[in-house]
A.B. asks: 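Just dropping this structure here.
Atom set for the values below is all heavy atoms of this structure, side chains included, hydrogens, waters and symmetry mates excluded.
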Amino acid sequence: GRHLVKPDDFTVEEISSILKLGMQIKSNPERYINVCEGKLLATLFYEPSTRTRLSFESAMNRLGGRIIGFSDPTASSTSKGESLEDTITTVSQYVDIIAMRHPLSGVANHASAICKKPFINAGDGNNQHPTQTLTDLLTIKANRGSLDNLKIGMCGDLKYGRTVHSLAKAMSRYKNIEFVFISPEELNMPEFVKEEIKDTKYSETTCLEDAIVDLDILYMTRVQKERFDDPDEYERLKDVYRLDTEKMSLAREDMLVLHPLPRVNEISVEVDKDPRAKYFEQAQYGMYVRMALIMKLLGL
Ligand code: CP
């Protein structure tokens, strides 16, 4: 079957059709309540999640399908020493489609290679998060009308943040895109991402106040505590950026603020009331785009 492990597993045209379907489902959800009748989705989550798992599960339920899975891997036979390969081989015989989150980078690619059913990477370590990217693209498209001609600031933990790795790669395929990577030096965008987007214009800065003034989109990220080897380094870097109303006053009237969530302190709650803050709307688009993705991968 088809898999989604990294954003460019789909062509730009395929992504466009998924986003279009996501919008159609959002505007007329009643039409889709039976399309996955008799189909089963497994959600295998080896790492904590609120949005990704629950939006996948609500997506499948809203399409008339059903779900099985685990969000506590210690309750699965993984804790008895079963390999990921054997887990995937087994579960793929029970279900029609699998979504898996795992703390190890690259494991999603490996799992998809042995999975006989459509396999979705729901986040692998500090590597990729392609369904978050579909969510981000739909949010941008719905609010701006187009994915071309955008200056996109990505701010925070660009080193360990898999959402920005996938989003940069995906956005680099559109026309007239410019990135501004805003991070402390310790958390700069990794070389493997820069290599993938080398034909797209980008700059790097440590200063959010300077960068914010002419952005179309500001994509904030959490400092990924769980990825740090040194807890002292996390403590030192965790509050390096905080988007508040004062900084928002420097930004354009039509800038969009996105964040994959969860947030810790990097966006002040007072910003939630600003009409430019789209991160909760973004979480809702995540459900509709996953409905569209499930339909696409099941050939429905
Ligand atoms: N955005 C995102 O992946 O959120 P969760 O970790 O809550 O799934």
Side-chain angles (χ1 to χ4, degrees), residues 6-8 47 51-52 101 103-106 108 121 123-137 139-140 150-174 177-243 247 251 255-267 278-279 282:
K6 54 190 194 306
D8 53 359
E47 251 193 1
R51 274 146 294 276
T52 309
R101 170 171 289 188
L104 288 179
S105 278
N121 176 10
D124 65 324
N126 56 23
N127 189 27
Q128 303 293 330
H129 194 346
T131 67
Q132 180 65 46
T133 295
L134 292 175
T135 301
D136 303 339
L137 296 182
T139 309
I140 296 168
L150 296 169
K151 186 166 184 177
I152 305 165
M154 297 184 180
C155 177
D157 184 352
L158 308 184
K159 178 181 181 184
Y160 297 119
R162 58 195 171 198
T163 62
V164 286
H165 301 163
S166 289
L167 182 60
K169 192 169 170 179
M171 283 305 311
S172 70
R173 300 200 289 180
Y174 295 92
I177 297 300
E178 184 178 344
F179 298 118
V180 184
F181 299 140
I182 309 152
S183 65
E185 303 234 329
E186 296 89 334
L187 301 178
N188 275 353
M189 190 63 96
E191 290 303 321
F192 84 90
V193 178
K194 289 180 187 168
E195 183 60 29
E196 285 169 344
I197 61 149
K198 64 180 185 303
D199 298 327
T200 303
K201 194 171 169 192
Y202 73 84
S203 58
E204 296 181 282
T205 177
T206 57
C207 185
L208 176 57
E209 286 87 340
D210 287 350
I212 200 170
V213 298
D214 64 346
L215 297 176
D216 296 298
I217 292 160
L218 174 60
Y219 196 94
M220 294 295 294
T221 65
R222 174 179 68 91
V223 178
Q224 307 278 301
K225 181 180 185 182
E226 64 275 31
R227 312 273 178 235
F228 280 75
D229 295 326
D230 177 1
D232 293 338
E233 180 163 77
Y234 170 72
E235 288 302 320
R236 195 161 51 75
L237 295 172
K238 66 176 184 181
D239 294 321
V240 66
Y241 299 110
R242 185 172 170 82
L243 183 66
K247 290 192 194 78
M255 186 185 77
L256 307 177
V257 183
L258 304 189
H259 189 312
L261 304 178
R263 87 173 134 190
V264 186
N265 290 317
E266 61 279 1
I267 301 180
K278 300 294 182 189
Y279 29 90
Q282 188 182 353

A.B. asks: Could you go step by step and tell me if Leu150 and Tyr174 meet the side-chain contact (heavy atoms from CB on, under 4.5 Å) rule?
C.D. replies: CA-CA 9 Å; Leu150 296 169; Tyr174 295 92; over 6 Å; no
A.B. asks: For residues 156-169, dump all side-chain donor-acceptor pairs below 3.5 Å to protein atoms at least two apart in sequence or in another chain.
C.D. replies:
from: Asp157; atom 1: OD1; to: Lys159; atom 2: N; distance (Å): 3.3
from: Asp157; atom 1: OD1; to: Tyr160; atom 2: N; distance (Å): 2.9
from: Asp157; atom 1: OD2; to: Gln224; atom 2: N; distance (Å): 2.8
from: Arg162; atom 1: NH1; to: Glu47; atom 2: OE1; distance (Å): 3.2
from: Arg162; atom 1: NH1; to: Gly125; atom 2: O; distance (Å): 3.1
from: Arg162; atom 1: NH2; to: Glu47; atom 2: OE1; distance (Å): 3.2
from: His165; atom 1: ND1; to: Asn126; atom 2: O; distance (Å): 2.9
from: His165; atom 1: ND1; to: Asn127; atom 2: O; distance (Å): 3.1
from: His165; atom 1: NE2; to: Leu158; atom 2: O; distance (Å): 2.8
from: His165; atom 1: NE2; to: Lys159; atom 2: O; distance (Å): 3.1
from: His165; atom 1: NE2; to: Gly161; atom 2: O; distance (Å): 3.3
from: Ser166; atom 1: OG; to: Gln128; atom 2: OE1; distance (Å): 2.6
from: Ser166; atom 1: OG; to: His129; atom 2: N; distance (Å): 2.8
from: Lys169; atom 1: NZ; to: Glu196; atom 2: OE2; distance (Å): 3.3

A.B. asks: Would you check if the side chain of Asp216 reaches a backbone N or O of Lys151 as a donor-acceptor pair within less than 3.5 Å?
C.D. replies: yes
A.B. asks: I'd like to know whether Leu137 forms a side-chain contact (heavy atoms from CB on, under 4.5 Å) with Met171, so could you lay out the CA-CA distance, the side-chain angles of the two residues, the decisive distance to 0.1 Å, and finally the verdict.
C.D. replies: CA-CA 8 Å; Leu137 296 182; Met171 283 305 311; 3.4 Å; yes
A.B. asks: Could you state the interatomic distance from CZ (Phe181) to CD1 (Ile152), rounded to the nearest 0.5 Å?
C.D. replies: 9.0 Å
A.B. asks: Has the side chain of Gln282 got a donor or acceptor atom that lies under 3.5 Å from a matching backbone atom of His259?
C.D. replies: yes
A.B. asks: Give every donor-acceptor pair under 3.5 Å between a side-chain atom in residues 199-206 and any protein atom, sequence neighbours left out.
C.D. replies:
from: Glu204; atom 1: OE1; to: Lys194; atom 2: NZ; distance (Å): 3.2
from: Glu204; atom 1: OE2; to: Lys194; atom 2: NZ; distance (Å): 3.0
from: Thr205; atom 1: OG1; to: Cys207; atom 2: N; distance (Å): 3.0

A.B. asks: Report the residues that fulfil side chain to side chain contact (heavy atoms under 4.5 Å, CB included) with Asp230, sequence neighbours left out, ordered by chain and then residue number.
C.D. replies: Asp232, Glu233
A.B. asks: Determine the minimum heavy-atom distance between Cys155 and Leu218, stating which atoms define it.
C.D. replies: CB-CD1, 4.1 Å
A.B. asks: Within this structure, what is the CG-CD1 distance for the pair Leu256 and Ile140, rounded to the nearest 0.5 Å?
C.D. replies: 7.5 Å
A.B. asks: Which residues pass the ring-ring contact (aromatic ring centres under 6.0 Å, His included) test with Tyr241, not counting sequence neighbours?
C.D. replies: none
A.B. asks: Take Lys247 and Glu209, measure what side-chain contact (heavy atoms from CB on, under 4.5 Å) needs, and give me the verdict at the end.
C.D. replies: CA-CA 6 Å; Lys247 290 192 194 78; Glu209 286 87 340; 3.2 Å; yes
A.B. asks: Run Thr131 and Thr52 through side-chain contact (heavy atoms from CB on, under 4.5 Å) and show every step you take.
C.D. replies: CA-CA 8 Å; Thr131 67; Thr52 309; 4.2 Å; yes
A.B. asks: Please identify each residue that fulfils side chain to side chain contact (heavy atoms under 4.5 Å, CB included) with Asn265, with sequence neighbours left out.
C.D. replies: Asp239, Arg242
A.B. asks: What's the separation between atom CZ in Arg101 and atom CG in Asp124, rounded to the nearest 0.5 Å?
C.D. replies: 10.0 Å
A.B. asks: Excluding sequence neighbours, so at least two apart, what forms side-chain hydrogen bond (donor to acceptor under 3.5 Å, both in side chains) with Tyr219?
C.D. replies: Asp136
